[in-house]
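The structure under discussion appears below in the form of structure tokens.
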Amino acid sequence: MTGMLPPVTGYLDRLSRRPGERITAHVSLRRPGPCRARLVRVVSADPNPAGPGLDLRPVVEAFDHRFDGQHQPVQLGSWGLVQGSPQLEPGQARCWAVLVQLLAELPAATVLAAEGGQDSIVIRAGAEGAEAEITLGATTTWLRTETPLRTAVWYRLWLSHDPATGRVVLGQAPLEAAADVAMATAQAPAGQFAPVSAVTFAARDAMAPRDHFTGKVEDPLVAAAFVEAWPDPLHLPAPAESLRARWDFSEGITTEHVTDIGPEALHGDLINLPTRGMVGAAWSGNETCWRHAPAEYAAIHFHADDLSDCRWSPSFSFDVPDDLRSGAYAFHLTCEDGEDWLPFYILPRRDGPHAAVAVLASTFTYQAYANHARGNADAAYKERAAAWGAYPHNPDDVTAFSHSTYNRHPDGSGISLSSRLRPILTMRPGFLTFNDPRGSGLRHYPADSHLLAWLEARGIAFDIVTDEDLDDEGEALLSPYRVVLTGSHPEYHTGRMLDALTAYRDHGGRLCYLGGNGFYWRIARDPARPHIIEIRRAEGGIRAWAAEAGEYYHQLDGALGGLWRRNRRPPQALVGVGFSAQGLFEGTFYRRLPASADPRYAWIFEGVPEIIGDYGLSGGGAAGFELDRADPRLGTPPGTVILARSEQPPASFVTVPEELLSHIATVTGESPEALKRAEIVIFEVPGGGSVFAVGSITFCGSLWNGTAFDGPVSRMLENVVRRFAGL
């Protein structure tokens, strides 16, 4: 069930480009027909009528294109494909076998299949047991063990077939408790089996894959032998010379290829990026990194909802004009049945000119949350979205484009891989995350437009760069700027990004961290597949799901996943503050501390009262939802000054688990209640660089004071940005 598709939607080949470069759009219509794409500059993506409103300014002189829109389907589900034939004589007995593990009681689906002409074999596995089909011409023979497969238990499944006699045996044997061995026999028509042309894993039908399996698969093989019983599930009970193919999934874990260690080297490919680096049937627990014991990580976790690339045909391209200013843009798509927007960013020309100020768009965080189904798109939410003219499509209802790394696969395992080569409904102007009773309920892409609209309103020229650009280009991307501003939630980073930001700061750059819960999770990327990010939610942190023991290391780069804090790079070491507390989407205020009156910092607070941000479009307060604080033990630099601190945390707020030793003891020795605070800090580093950090996700929502981009929060930030930028 994928829900009602939007009338028109799409995705781009990349989320950012420079003048002179080309952007390619891939678009699909629910019903084929005429479609129009126009360029708009996204100034404000907040549809709240009590705020700045949607401000999407047409730039039709730069791009206004009509085209014939086509319907392009989505193929969900990861699987493996081998093109070729194990060397079996048509009348020769053979055995197909595979190891499988279910993590939930799911219906049966294909784990291993082979086809040739009109003939095929299919082995399926589900909670009720193993089943198989053998098709010879127009006749299909079915078998079923009728013995349930227990969850979290590895089983060897095998299907033996003797074409000469028609005898068929299907078996399942657990790695433990031999009493659970079950077998089924059947009589198929005698006759030769056509040569195999394709072998598939976790799906059937190579030309039109279907019946996708969700679970772990390991050690698929085919032998020229009729195996009646399988005493040791990890070893082939037939002469070694009978082996015709054996796919070792422990090889090439960082790739999308599978290796056949059999005599014919029938290597294959993986489609839709299943999860690798998974503990297998032979995992001992002695090693937790797949690089150190790859043979123990010979499993691939396939999922029926994986999606790495929609693979839609290109619909149109846009060559960015040399004179198009840097900023946030979108293609506005319209057709007879509706509309959509495809957002992207334009960077400045590489050789400039550059503004003094750059905004770092948190595109990796947007991608980590891409299509986050929260389960909160109820009638009240939809009523508000309709009344405000907000974006009407929600991942709760539209599941065709897969979900976020905050959701789970059908078997309850966490989604660890996210692609941008698919429609991302949550990255749209006007998308509401929450039905916020005190504000707009925006997060991520639309929430960060509060900062962009504020810069526009205050007349501060700026350029935009993105996470992906920073990961690709490093410090050189930031070096032209006097000051770099983050958005509300720069949560997901690679090591290269942290290196670049640290180097920028230490070489004299000024960094304004204007969010909360930032620089938190470590992600992996592979230059060969730049559209993919990976997150393993290892020990610690506020987590939507937890990686299983032994599965903390990324498949894309082999590095340890989890919190940057657990990787000895806590956010305090970069920006002075780090995650401390979280609650519902609601906020409170800051109170200035005595240090704010010090002549060295009083310029920050010119025109700013003692109470700061007791209002705002995000949860009703500038200090809300997720809060960060200073901690010298976690790297807050010497000389860091705490200028203001939040007070009266809402009752929903809790101290984050990485700060707790028990329900009453914390790592700092303070009470859990005392750690529910956000702190505004400033510090300098020896190289001349400076950092200003506010420690709250909802801060940028309070740049709007109820009638305009004005008020204490606006004045404070403008004082900082203009001083840092030399304006």
Side-chain angles (χ1 to χ4, degrees), residues 16 18-19 325-328 345-362 448 450-467 469-488 490 493 496-515 518-519 574-577 600-608 637 639-641 643 680-694 699-700 703 709 713-727:
S16 63
R18 294 184 186 271
R325 62 175 281 193
S326 179
Y345 298 97
I346 298 298
L347 279 63
R349 293 179 58 88
R350 201 175 296 277
D351 58 357
H354 298 92
V357 176
V359 175
L360 177 60
S362 302
D448 286 348
H450 288 147
L451 176 62
L452 304 184
W454 174 82
L455 289 165
E456 197 88 28
R458 305 312 300 175
I460 300 173
F462 64 95
D463 292 339
I464 293 187
V465 296
T466 77
D467 284 352
D469 301 306
L470 183 60
D471 191 49
D472 291 344
E473 301 180 27
E475 184 190 3
L477 179 74
L478 305 180
S479 59
Y481 300 103
R482 295 191 184 99
V483 58
V484 172
L485 314 178
T486 77
S488 61
H493 297 268
R496 290 182 296 274
M497 295 169 66
L498 297 187
D499 290 344
L501 287 162
T502 303
Y504 169 77
R505 182 199 68 179
D506 292 351
H507 293 156
R510 279 88 173 188
L511 180 61
C512 290
Y513 168 39
L514 304 180
F519 313 100
L574 174 64
V575 292
V577 295
R600 292 173 296 173
Y601 312 111
W603 56 270
I604 298 173
F605 296 94
E606 291 178 5
V608 178
T640 297
V641 177
L643 302 169
I680 298 177
V681 305
I682 191 168
F683 65 89
E684 296 181 351
V685 295
S690 302
V691 172
F692 176 78
V694 303
F699 176 86
C700 288
L703 293 170
F709 283 112
V713 173
S714 173
R715 286 193 289 275
M716 179 178 66
L717 184 59
E718 187 168 357
N719 292 341
V720 172
V721 172
R722 289 193 180 276
R723 173 70 69 94
F724 276 8
L727 299 176

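Below, each value reflects all heavy atoms present in this structure, side chains not excepted, and no hydrogens, waters or symmetry copies.
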query = Okay, side chain of Ser326, backbone of Ile464: is any donor-acceptor separation there less than 3.5 Å?
reply = yes
query = To the nearest 0.5 Å, how far apart are CZ in Arg496 and CD in Glu473?
reply = 12.5 Å
ask   = Residues in side-chain hydrogen bond (donor to acceptor under 3.5 Å, both in side chains) with Tyr345, at least two apart?
value = none
ask   = Any side-chain heavy-atom pair from Ile604 and Ile680 closer than 4.5 angstrom?
value = no
task = Keeping to residues at least two apart or across chains, list the salt bridge (charged side-chain N to carboxylate O under 4.0 Å, His left out) pairs with something in residues 497-509.
result = Asp499-Arg569
Ion pair Arg723/Glu606, N-O distance below 4.0 Å = no
query = Can you check whether Val483's main-chain N or O pairs, donor with acceptor, with Arg510's side chain at less than 3.5 Å?
reply = no
note = The reported gap from CD1 in Ile346 to OG1 in Thr466 (rounded to nearest 0.5 angstrom) is 11.0 Å
task = Find out whether Leu360 and Leu501 are in side-chain contact, i.e. whether some heavy atom of one side chain is under 4.5 Å from a heavy atom of the other.
result = yes
request  = Check whether any side-chain heavy atom of Val465 lies under 4.5 Å from a side-chain heavy atom of Leu470, and answer yes or no.
outcome  = no
task = Fit a plane to each ring of Phe519 and His493, take the angle between them on a 0 to 90° scale, and name the class: parallel (under 30°), tilted (30 to 60°) or perpendicular (over 60°).
result = parallel
task = Identify, with sequence neighbours excluded, every residue that meets side-chain hydrogen bond (donor to acceptor under 3.5 Å, both in side chains) alongside Ser690.
result = none
ask   = How close do Tyr481 and Pro348 get, heavy atom to heavy atom, and via which atoms?
value = OH-CG, 3.2 Å
query = Out of curiosity, Cys700 SG to Asp448 CG, how far, rounded to the nearest 0.5 Å?
reply = 7.0 Å
ask   = Is there a side-chain contact between Ser479 and His507, using heavy atoms and a 4.5 Å cut-off?
value = no
key: Main-chain N/O of Leu511 paired to Tyr504 side chain as donor or acceptor, under 3.5 Å   = no
message = Testing the basics here: between Leu574 and Val691, what is the closest heavy-atom pair and its distance to 0.1 Å?
response = O-CG2, 3.9 Å
query = Distance from Leu451 atom CG to Leu514 atom CG, nearest 0.5 Å?
reply = 6.0 Å
request  = Can you see which heavy atom on Pro637 is nearest to which on Gly576, and at what distance?
outcome  = CD-CA, 4.1 Å
key: Spatial distance of atom CG (Leu717) from atom CZ (Phe692) [nearest 0.5 Å]   = 6.5 Å
note = Correct closest heavy-atom pair for His354 and Arg349 would be NE2-O, 3.6 Å
key: Result of checking Leu455, Thr486, Val484 against Val359 for side-chain contact (heavy atoms from CB on, under 4.5 Å)   = Leu455
query = Taking all non-hydrogen atoms of both residues, which atom of Cys512 and which atom of Phe724 are closest, and how far apart?
reply = SG-CD2, 3.8 Å
task = Decide side chain to side chain donor-acceptor pair (under 3.5 Å) for Asp467 and Ser362; before the verdict, give the C-alpha distance in whole Å, the side-chain angles of both, and the deciding distance to 0.1 Å.
result = CA-CA 6 Å; Asp467 284 352; Ser362 302; 4.7 Å; no
key: Straight-line distance of Leu643 CG to Phe605 CZ, nearest 0.5 Å   = 4.5 Å
message = Side chains of Leu347 and Leu477, heavy atoms from C-beta outward: is any pair under 4.5 Å?
response = yes
task = Identify the two heavy atoms, one from Ser714 and one from Phe709, that lie closest to each other, and give their separation to 0.1 Å.
result = OG-O, 3.4 Å
